[in-house]
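Structure record follows, encoded as structure tokens.
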Amino acid sequence: MTNTVNANEDFFKSKVLGHPAGLFVLFFTEMWERFSFYGMRVLLVNFLTMAIVGVDNPGWGWSAENAGALFGTYAGLLYLTPILGGLIADKFTGYRRAVIIGAGVMTLGHAFMAVETEFSLYFGLALLVIGTGFFKPNITSIISEMYEGKPDKKDGAYTIFYMGVNAGAFFGMMLCGYLAEKIGWSWGFGLAGIFMLLGTLQFWLAKPLFGKVGGVPDKELEEKHKQEEESKGVSHKTNPFTLFDKILVVASAAIGFIYLINDPLSRIADINLFPVVMPFDFRGEPFSGPIGMALIGLALFLVLVISRISRYTKIVRDRLIAVIIFAFFTVFFFMAFEQGASSLIIFARDNVDRVLEGSAASIFNVVNAILTVVPLAIITWVLSLLWKQTFGRIPGSNLVLGLCFAGIWGLVIWMLVREFTAETTEITVSWFSILNSFFIIVFASFFSKWWESKYNPSAAFKYCFGLVLLGLGFGLLAWGSSGIAEGAKVSMIWLILAYLLHTLGELCLSPLGLSYVSKLVPARMIAFMFGMWYLAIAIGNKLAGSLGGMIEEVTQEYDLSTFFLIFTIVPVAGGILVAVLNPVLKRLMHGIK
């Protein structure tokens with residue numbers, strides 16, 4: 001550890017806003033990756049479900065059910081591959097090389113998406129899943145290694161990095177969505193790929209700035225670090241996986257992976273990897289094969305978790321049970337929250353009045369210009385500070401970043417001029433998705449100060465607030481869409497307010513999950529429990545895609561309000577339940593706050 005700290009001292013000499021310049025290289029790398037990721041993500045369901053004929057910018061005309069199944073599988077896999085990518089980086093490649101591998105693979109994925117053929121779509125999504133597995137866990141690991149021995153600076157570093165995440169998401173959804181909907185789908189997909197490529201290049205060219213940080217793992221240094229911790233009483237004694245454990249891991253993982261692949265495959269291509277029905281009945285009715293196999297896989301995984309937890313001492317065991325309870329409620333949060341990438345896209349396109357004229361159009365264009373130009377100007381200023389500090393050491397990286405920002409400024413100015421000079425303004429479907437990133441930037445500091453104050457609520461009540469606020473957002477949509485005639489449009493204010501409540505709910509719950517895992521779980525099994533946490537998010541994303549795909553079916557059978565009521569009742573009920581469990585969770589956490 002001492003050697004690592006000493007090696008990082010030079011790294012901290014070159015500072016931007018009180019932090020090492022390398023943090024801002026990571027900031028911009030993550031910004032362009034999130035630009036590409038969210039830029040593509042906001043287009044996918046809209047593109048797949050857009051009508052083939054009768055519209056200016058035709059899509060593929062898929063049903064919402066099929067598009068939801070594909071998106072749910074894609075989103076679910078995005079939270080599983082990072083487990084494997086993190087392990088490979090830890091043991092073999094190192095964090096920096098893993099980030100470059102992941103970014104390169106994702107660049108190819110975006111390139112295939114821009115081709116707009118069925119094969120290129122599936123292959124591109126597969127590459128994006130694999131690339132994310134390498135990129136997602138390892139860029140944050142570089143920050144962790146960079147700030148080793150400087151815990152007082154780490155919270156500020158992650159806050160800055162989080163702003164990069166949201167800035168990239170904001171501009172990616174706005175610009176990729178605008179190009180795709182106004183010019184053509186391949187332009188939106190292609191823009192995502194271009195900035196992924198440039199982001200990869202600027203990170204690779206910044207290698208001289210990082211030195212040994214994020215390099216290939218040093219086994220001797222790791223062993224020395226472990227011995228130093230054990231001399232201070234920190235146990236690294238493991239709970240070895242038995243043969244039975246390993247069989248359960250392989251079996252449950254295989255069943256889960258095949259289920260994720262089988263769901264869209266069976267719906268879109270009518271190819272079933274599981275039997276159509278199980279060889280047994282449930283109350284006289286044939287049992288679905290895929291659902292039955294998924295339940296078997298879940299049961300095997302629960303046996304694995306219970307058997308491992310039972311081998312620990314009482315305090316450790318209780319805390320692990322608390323993590324599992326939080327993970328359970330996390331599934332229901334993401335099941336509803338991730339409707340923002342599926343059913344809410346379809347709702348915004350088909351059911352929200354997005355055409356503005358006269359003064360309404362002028363007001364929107366002014367507000368949109370302020371929303372776009374002000375944050376872009378601030379981030380450009382940060383780039384100028386990085387340029388001054390590091391141009392002599394990494395000129396190539398800075399020039400690539402300058403090219404990126406010149407491109408973004410050009411696109412923004414073109415977009416704003418185009419809208420200000422148009423007779424009518426039709427707000428893009430993707431514009432509503434940027435509200436989540438905007439509200440996070442606005443309210444994140446408030447929640448951070450709240451959690452640090454004497455009014456900081458318990459973990460259970462934070463979960464309660466998050467779930468209830470999320471449910472209330474859908475309640476507003478249910479109210480706004482109640483009683484509207486078929487084909488009628490609702491005011492956009494309902495969707496804007498819903499995104500506000502969803503974001504407030506996210507700030508209560510989402511950033512805290514991994515924090516509680518790190519607090520409650522012993523270091524020796526942190527990887528396993530992080531994997532389980534990501535599994536909960538993956539299940540939530542898969543459910544979000546599958547249930548979001550039912551919007552057309554539920555609306556035809558009942559009405560649009562009924563569809564949104566489902567996502568009102570489930571999170572609110574979950575929030576009330578977790579609040580009731582507060583005394584139990586406090587006992588299980590044994591003093592952890």
Side-chain angles (χ1 to χ4, degrees), residues 45 64 68 328-354 427 429 431-440 442-443 446-447 457 460-486 488-510 512 540-541 543-582:
V45 170
F328 174 78
F329 287 103
T330 297
V331 170
F332 292 100
F333 178 84
F334 280 97
M335 178 193 76
F337 181 78
E338 287 299 327
Q339 295 305 310
S342 53
S343 65
L344 292 186
I345 295 290
I346 296 173
F347 174 70
R349 184 188 69 199
D350 299 340
N351 304 104
V352 174
D353 185 5
R354 297 181 287 111
I427 303 172
V429 173
W431 183 88
F432 294 95
S433 297
I434 73 171
L435 295 172
N436 176 244
S437 296
F438 172 72
F439 289 139
I440 284 177
V442 170
F443 291 104
F446 166 77
F447 280 88
F461 278 104
K462 288 174 184 174
Y463 261 70
C464 172
F465 297 155
L467 286 161
V468 170
L469 286 167
L470 178 65
L472 291 177
F474 282 103
L476 283 178
L477 292 177
W479 185 13
S481 57
S482 62
I484 63 170
E486 186 175 348
K489 306 281 187 177
V490 303
S491 170
M492 70 176 73
I493 192 64
W494 296 105
L495 190 54
I496 292 171
L497 291 175
Y499 270 112
L500 171 61
L501 289 174
H502 291 178
T503 304
L504 296 178
E506 180 190 8
L507 287 167
C508 285
L509 185 149
S510 185
L512 304 173
N541 274 268
L543 289 173
S546 297
L547 294 175
M550 296 171 62
I551 185 171
E552 293 175 347
E553 181 183 343
V554 174
T555 301
Q556 289 173 2
E557 185 73 20
Y558 302 98
D559 55 30
L560 193 57
S561 183
T562 301
F563 176 80
F564 288 128
L565 276 175
I566 296 171
F567 297 101
T568 303
I569 295 169
V570 173
V572 170
I576 294 171
L577 179 57
V578 75
V580 171
L581 290 174
N582 182 47

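- Evaluation of the side chain to side chain donor-acceptor pair (under 3.5 Å) rule for E506 yields N436 as partners, not counting sequence neighbours.
- Atom-to-atom distance recorded for F438:CZ and L500:CG is 10.0 Å, nearest 0.5 angstrom.
- Between I551 and S343 the shortest heavy-atom distance is CD1-O, 3.7 Å.
- The shortest heavy-atom contact between P571 and A336 is CG-CB, 3.9 Å.
- The shortest side-chain heavy-atom distance between L501 and L476 falls under the 4.5 Å cut-off.
- Take V570 and apply the side chain to side chain contact (heavy atoms under 4.5 Å, CB included) test, not counting sequence neighbours, and it matches F332, M335.
- When all heavy atoms of G574 and F329 are compared, the closest pair comes out as O-CE2, 3.3 Å.
- In terms of the side chain to side chain donor-acceptor pair (under 3.5 Å) criterion, residue partners of T330 (sequence neighbours excluded) are, by chain and number, Y463.
- Residues S481 and V490 approach most closely at CA-CG1, 4.1 Å, considering heavy atoms.
- Closest non-hydrogen pair, I346 versus A64, comes out as CD1-CB, 3.7 Å.
- F439 contributes atom CZ, which lies 9.5 Å from atom CD1 of I434 (distance to the nearest 0.5 angstrom).
- Judged by distance alone, with hydrogens and angles left aside, the side-chain atoms of S561 form a donor-acceptor pair with the main-chain N or O of A478 at under 3.5 Å.
- The shortest side-chain heavy-atom distance between L509 and L467 falls under the 4.5 Å cut-off.
- Residues G548 and S342 share a closest heavy-atom pair of CA-OG, 4.1 Å.
- With contacts defined as side-chain heavy-atom distances shorter than 4.5 Å, the pair V554/L560 does not qualify.
- Taking the side chain as every heavy atom from C-beta outward, I576 and V572 approach each other to under 4.5 Å.
- No side-chain donor-acceptor contact under 3.5 Å links R349 to the backbone of V429.
- Between F474 and F567, the two ring planes are tilted [angle within 30° to 60°].
- When the side chain to side chain donor-acceptor pair (under 3.5 Å) test is applied to N582, the partners found at least two apart in sequence or on another chain are S458.
- Judged by distance alone, with hydrogens and angles left aside, the side-chain atoms of T562 form no donor-acceptor pair with the main-chain N or O of Y558 at under 3.5 Å.
- Shown here are the side chain to side chain contact (heavy atoms under 4.5 Å, CB included) partners of F447, two or more places apart in sequence or in another chain: F443, W450, W451, L504, L507, C508.
- The CG atom of L435 lies 7.5 Å from the CG atom of L495; values are rounded to the nearest 0.5 Å.
- In this structure, CZ on F432 lies 10.0 Å from CD1 on I345, to the nearest 0.5 angstrom.
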Inset, instruction - With ring-ring contact (aromatic ring centres under 6.0 Å, His included) as the test, would you mind laying out the steps for F347 and F563 before giving the verdict? - result: CA-CA 11 Å; F347 174 70; F563 176 80; 9.2 Å; no

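- Taking CD of E557 as the reference point, atom CE of M550 lies at 10.0 Å (rounded to 0.5 Å).
- Residue F337 holds its CZ atom at 12.0 Å from CG of L469, rounded to the nearest 0.5 Å.
- E338 places no side-chain N or O within donor-acceptor distance of the main-chain N or O of G540, the cut-off being under 3.5 Å.
- For I493, the side chain to side chain contact (heavy atoms under 4.5 Å, CB included) test picks out S491, L497, with sequence neighbours left out.
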Inset, instruction - Step by step, work out the side chain to side chain contact (heavy atoms under 4.5 Å, CB included) result for M492 and I427. - result: CA-CA 10 Å; M492 70 176 73; I427 303 172; 3.2 Å; yes

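- Taking 4.5 Å as the limit, some side-chain heavy atom of L543 sits within range of a side-chain heavy atom of V331.
- A tilted orientation is assigned to the rings of F465 and F461, their planes being inclined by 30° to 60°.
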